Amino acid sequence: MVMTNRSELHKAPRSPSQLAAAKAIDELRDSGALDSLFSKIDAGELQLTGEGGFVPGLIKAALERGLQVELTEHLGYEKGDPEARFYPNSRNGSSPKVVSAEVGELDLDIPRDRSGSFVPRLVPKGSRRLGGLDDMIISLYAGGMTIRDIQQHLVSTIGTDLSPETISKITDEVLDEVLEWQQRPLEALYPVIFLDALIIKIRDGAHVRNKAAHIAVGVDMDGIKHVLGIWVQQTEGAKFWAGVCAELANRGVKDVLIVCCDGLTGFPEAIESTWPQATVQTCVVHLLRAAMRFVSYKDRKQIATALKPIYTAATADAAWDELTMFAASPLGVRYPATVKTFEDAWERFTPFLAFPPDLRRVIYTTNSIESLNYQLRKVTKNRGHFPSDEAAIKMLWLAICNIEDKRARARAKERGGTRETTRKAAGRLVEGQIVTNWKLALVYPDRINPHL
């Protein structure tokens, strides 16, 4: 029986380039070519990174070699070729150029030709940064670091000093992608859509104001969540949400089965004006908060316990009976505002009671989008405010891309069946898990149409 190392079971599959690099390093190690290098590192005569390090020097040598190859292809003959005098163009030395890279600043010698027609592709003319550095800056920005923080981080880690204006221009390069993402076509049917707003601080003229970043999250037929768009407005209101729903419909969303939202006045009517057949579910957690707004602190636990039978009832009729019993109890008599809160929201509160228990856990609350908002707040809390609406949307989009990438990797690991990611519980329609379509088909048999 062959025993397998446990760590090998959890290794992610490597790309062909990673395998080739590992093979080359193994060959160098086995041949002893790295022994002298390691001895110099151990003796302190050589450092790997930083100014004058081995890695920057290796990258410099590789880039200059690549540039020489490009020039050879451009001229049509090798360096030192005795037939070179018969060619109309020739080499003309080199010119120095400093470029910023992920490992620091590199002093390159860019080869030239006499006619001045050589245009390098590896290090384009006018370029002062290699592509990997731009990716690093955008990644740091997406992680919540400010422009000044990124500038200080680059100076302290790789010795590259970029101006705040340059870093800002690099991050602005994603604005076209943000616009394309915001206008992308959507699927015709989403079983569930969550709507909620996140409050962020944005400069408005000479003042910094709280603005609402409206976020829509749709769950597709495979049970995977997608952020459908981000819209920034002065305040959260039903009128603006009606415009958001209309925009989603214009981008291809023909029908939605269930829309989960908070208890904002006029919100359900705004949704139904776009999708008349949609079931609007008011968040039960928001409803409970509103019901206990004027409850004394010493009575909160008792009220919460007394209200639980209402939203866990088997049917809407049973829930009404529980509410009637609570209203007649001493706590209900003491806090009539709590009873009235449930009575006023009854039509929007009860729809989830008609669903099976598995689906109830998905739609009874907007916690699914609240978890996304929590992760976005971790990114935005380091900033005092955003200079503009566009900057706020750019930052939120980059953070959402990171979050979705993490979830995609988690789903890939789950499909691979590794020990840490294999789920024991049945899948649900949240966080990339799946609710089988037959459950939805039982509830909406006439609206589940794969040809939409």
Side-chain angles (χ1 to χ4, degrees), residues 142 178 181-200 212-233 236 238 240-264 267-268 270-271 274-275 278-286 351-352 355 359-380 392-408 410-411 427-435 440:
V178 175
W181 173 82
Q182 188 80 354
Q183 297 177 350
R184 74 193 190 279
L186 300 175
E187 296 184 15
L189 172 66
Y190 285 92
V192 184
I193 284 183
F194 300 92
L195 302 177
D196 199 12
L198 176 69
I199 303 300
I200 53 179
H214 300 69
I215 300 176
V217 175
V219 184
D220 62 20
M221 293 298 293
D222 294 325
I224 299 176
K225 293 192 297 184
H226 304 275
V227 179
L228 306 182
I230 308 170
W231 302 266
V232 174
Q233 183 68 4
E236 181 183 10
F240 186 77
W241 274 120
V244 169
C245 294
E247 180 178 330
L248 294 177
N250 292 335
R251 288 166 56 192
V253 182
K254 296 180 180 179
D255 195 10
V256 180
L257 304 185
I258 307 164
V259 180
C260 303
C261 59
D262 57 22
L264 184 67
F267 208 160
I271 296 169
T274 302
W275 301 298
T279 299
V280 180
Q281 174 62 51
T282 296
C283 175
V284 176
V285 175
H286 283 80
F352 83 106
F355 294 94
L359 284 179
R360 282 192 186 187
R361 288 194 293 269
V362 178
I363 64 174
Y364 87 102
T365 177
T366 57
N367 278 354
S368 184
I369 195 172
E370 292 286 355
S371 66
L372 173 67
N373 289 346
Y374 170 75
Q375 297 181 69
L376 294 179
R377 288 189 186 96
K378 290 195 297 184
V379 175
T380 59
I393 293 176
K394 176 180 65 176
M395 178 69 181
L396 293 173
W397 178 78
L398 288 170
I400 288 169
C401 288
N402 281 352
I403 294 169
E404 291 189 344
D405 286 345
K406 292 177 183 178
R407 290 175 176 173
R411 290 193 294 270
R428 292 188 294 144
L429 194 65
V430 68
E431 296 290 345
Q433 300 177 53
I434 297 173
V435 166
L440 292 170

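Heads up: numbering here begins at 1 and tracks the sequence. Being a predicted model, the structure only gives us computed values, none of them experimental.
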Are the side chains of [X] and [Y] in touch, meaning some heavy atoms are under 4.5 Å apart?
X	Y	answer
Ile215	Leu376	yes
Trp275	Val253	yes
Leu398	Val178	no
Leu186	Arg184	yes
Ile400	Ile230	yes

The single option from Leu228, Val219, Val217 that satisfies side chain to side chain contact (heavy atoms under 4.5 Å, CB included) with Tyr190 is Leu228
Test side chain to side chain contact (heavy atoms under 4.5 Å, CB included) applied to Glu236 and Ile199, Leu198, Leu264, Leu195, the passing residue: Leu264
Heavy-atom closest contact ([X] atom, [Y] atom, distance):
X	Y	answer
Trp231	Leu248	CH2-CD2, 3.9 Å
Pro191	Val256	O-CG1, 4.5 Å
Gly218	Ile193	CA-CG1, 4.0 Å
Phe352	Gln281	N-OE1, 2.8 Å
Val280	Pro351	O-CG, 3.8 Å
Trp181	Arg251	O-NH2, 3.7 Å

Could you grab the distance from atom CZ of Phe194 to atom CG of Asp262, nearest 0.5 Å is fine?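 Answer rounded to 0.5 Å: 13.0 Å.
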Can you tell me how far CE of Met221 sits from CG of Leu189, rounded to the nearest 0.5 angstrom? 6.0 Å
Which word best sums up how the rings of His214 and Phe240 line up, parallel for under 30°, tilted for 30 to 60°, or perpendicular for over 60°? tilted
Look at the side chain of Asp222 and the backbone N and O of Ile224, then say whether any donor-acceptor pair between them is shorter than 3.5 Å.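 Checking the backbone N and O of Ile224 against the side chain of Asp222, no donor-acceptor pair under 3.5 Å is found.
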